[in-house]
There are 2 protein chains.
Amino acid sequence: MDPAERKARCERFARLCRERGLARTVQRRVIFEIVAERTDHPTADQVFELARKRLPGLSRTTAYRVLELLADLGVVTKACSPGAATRFDPMTQRHHHLVCLRCEKLVDIVDERLGRGVALPAAQARSFQVRDFSIHFHGLCAACQRQARAKQRGTVDQSNRAHQRGLERQRASGRQERSKR
Amino acid sequence: MDPAERKARCERFARLCRERGLARTVQRRVIFEIVAERTDHPTADQVFELARKRLPGLSRTTAYRVLELLADLGVVTKACSPGAATRFDPMTQRHHHLVCLRCEKLVDIVDERLGRGVALPAAQARSFQVRDFSIHFHGLCAACQRQARAKQRGTVDQSNRAHQRGLERQRASGRQERSKR
DNA sequence: TACCAGATGGAAATCTGTGTCAAGGAGAAT
DNA sequence: ATTCTCCTTGACACAGATTTCCATCTGGTA
C-alpha cells in the first residue's frame, strides 16, 4: 500500500478519535493498522489472530469491539455474504463486489465508470438519505464454472478437485483454529 | 399482495417440488406461505416463530432446512446485512435495496430503470459469469435522520423515542422469545 | 500525582446455524 | 386399503460468531 495514503488514513483515524473523545489505546491502534494493511477481507477472528501476534494479551472481545468502533467511525466498512462471518474492509472509497453464488468468494471491483448514472428514484430519495451505494454482481467465479462444466460431463479434472479441496479447507478452518484453544 | 401473483407463486413452488421429486409436506407449504406473505425480510428464526403459530409441533431445524430448500429452488432469495442473521425475501425478480446504516432496516426497490446501463468491466466479465446484480444504497432512513437531528440539538422528540424503543425491542426480541423455550 | 470516565480482559451467555439419528409420514406399488 | 420404501421430520447436541457482564485497569486531565 502507498505509504502516503496509509499515513493519511492513520491521521484521519486519530482525528476522529479526538473529535469523539475516544482514548487512543494500543489495542485500537494495532487493530486499525492490521485492517488498513489488508487488501483481502479478513473476518473479525482473523483480525484478532493477527493482532494477537503483536499484542499477546489482547482479548477477542476487544478485537470485536474495536472493529465495530472502526466501522462506526467510518474508517473501515463491513461486508457480508449470507451465512458467513462478517468481513472487514479497509477500503473506504466507492467500490463494488463480485459474489460467487457457489463458493461465496468476494472480490472487490474499483471502477468509477461502473456506478455512473445510478441514482435513487425521486420518491425514495425524499425520505431516505443516501450516503453511498454499491453494486453486487452475483454469478459464478472461473473455478466454479469449470467445476460445473466438469460435473455436467460427469468428469472431475485436477484443477477442479483442487478448488473443491480449497473450499472445504476454508469452511473447516475456523473450527479447527478455534478448537486448538 | 396480489392474489393472482400469490397463486402463481404457490403453483410454481408445487411444480418445482414435483419436478425434483420432493414430498409436499405441511411444513413446506406453511413455511413457503409465510415467506411469500411478507414484504419485510424475516430472519429464519422469525419465520420459525410465525410458522409455529400455525403448526405448533414444528421444529427449528425443519424451519431452517425448508428455508434453505426454498432458496435452493429459487422461490425465495437470501439477503444479508453484516453481522446479522440471514434474511429471506420472497421477491425473486431483479430488485435493489435501501439499507439504513443505523437501524439496519432493509427496504426493497423495484425499478427497472435503476440498473440500466450497469455492466461489468470487460476484464472481469471474461472470467466471472454474471447471473444478476443488485444495488445497495447505504444511508439513513427517515426515522434515523430525525433522531440524528434531535441528538445534535440535544433534544429527543416523541417520534424518535418511539423509533428507538422499536429498535431495542427488535434487537431484544429474539433473546426473550428464545428463553421461553 | 490522583482521580475517574472510559476501555480492557475473561468467562459465560446468546444467537445463528448444522450434524446426527431414530421415528414418522408421503407416495408408489401391490 | 395395505404395505413398503425412502424422504422428512423432530429432538438434541454441538459448533461458530458475537455479545453481555463485571471486575480490573489505564489514558487523559485537573
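Labels below follow one simple rule: chain letters A, B, ... track the order of the sequence lines, proteins then strands, and each chain is numbered from 1.
Listed nucleotides dG17(C), dT18(D), dC12(D) differ in distance to T61(B); the shortest reach to its side chain belongs to dC12(D).
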**Message:** Pair F13(B), R28(B) - check side-chain contact (heavy atoms from CB on, under 4.5 Å), show working.
**Reply:** CA-CA 10 Å; F13(B) 174 46; R28(B) 286 178 180 165; 4.2 Å; yes
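Classified by interplanar angle (parallel below 30°, tilted 30° to 60°, perpendicular above 60°), the ring pair H95(B)/H97(B) is perpendicular.
Rounded to an integer number of Å, the gap from OH of Y64(B) to P of dA13(D) is 18 Å. Atom CZ of F48(A) is separated from atom P of dT19(D) by 15 Å (rounded to the nearest Å). Note: CZ (R60(B)) to C1' (dG19(C)) measures 13 Å, nearest angstrom. Rounded to an integer number of Å, the gap from L55(A) CG to dG9(C) C1' is 12 Å. One atom, CG of L67(A), and another, C1' of dT8(C), lie 15 Å apart when rounded to the nearest Å. Atom CG in L69(B) sits roughly 16 Å away from atom P in dG17(C) (whole-Å rounding).
Donor-acceptor pairing under 3.5 Å is lacking for the side chains of D132(A) and H138(B).
At a cut-off of 3.5 angstrom, the base of dG17(C) holds no donor-acceptor pair with the side chain of R65(B).
Judged purely by atom type and a 3.5 angstrom limit, R12(B) has no side-chain atom pairing as donor or acceptor with the backbone of V75(B).
R116(A) pairs by the side chain to side chain donor-acceptor pair (under 3.5 Å) definition with nothing, not counting sequence neighbours.
Near DNA chain C, meaning a heavy atom under 4.0 Å away, the residues from residues 18-30 of chain A are L22(A), A23(A), T25(A), Q27(A), R28(A).
At least one side-chain nitrogen or oxygen of S59(A) sits closer than 4.0 Å to the OP1 or OP2 atom of dG9(C).
Other members of the hydrophobic cluster containing V110(B), listed by chain and number, are M91(B); membership follows side-chain contacts under 4.5 Å among ILVMFWY residues, whether direct or relayed.
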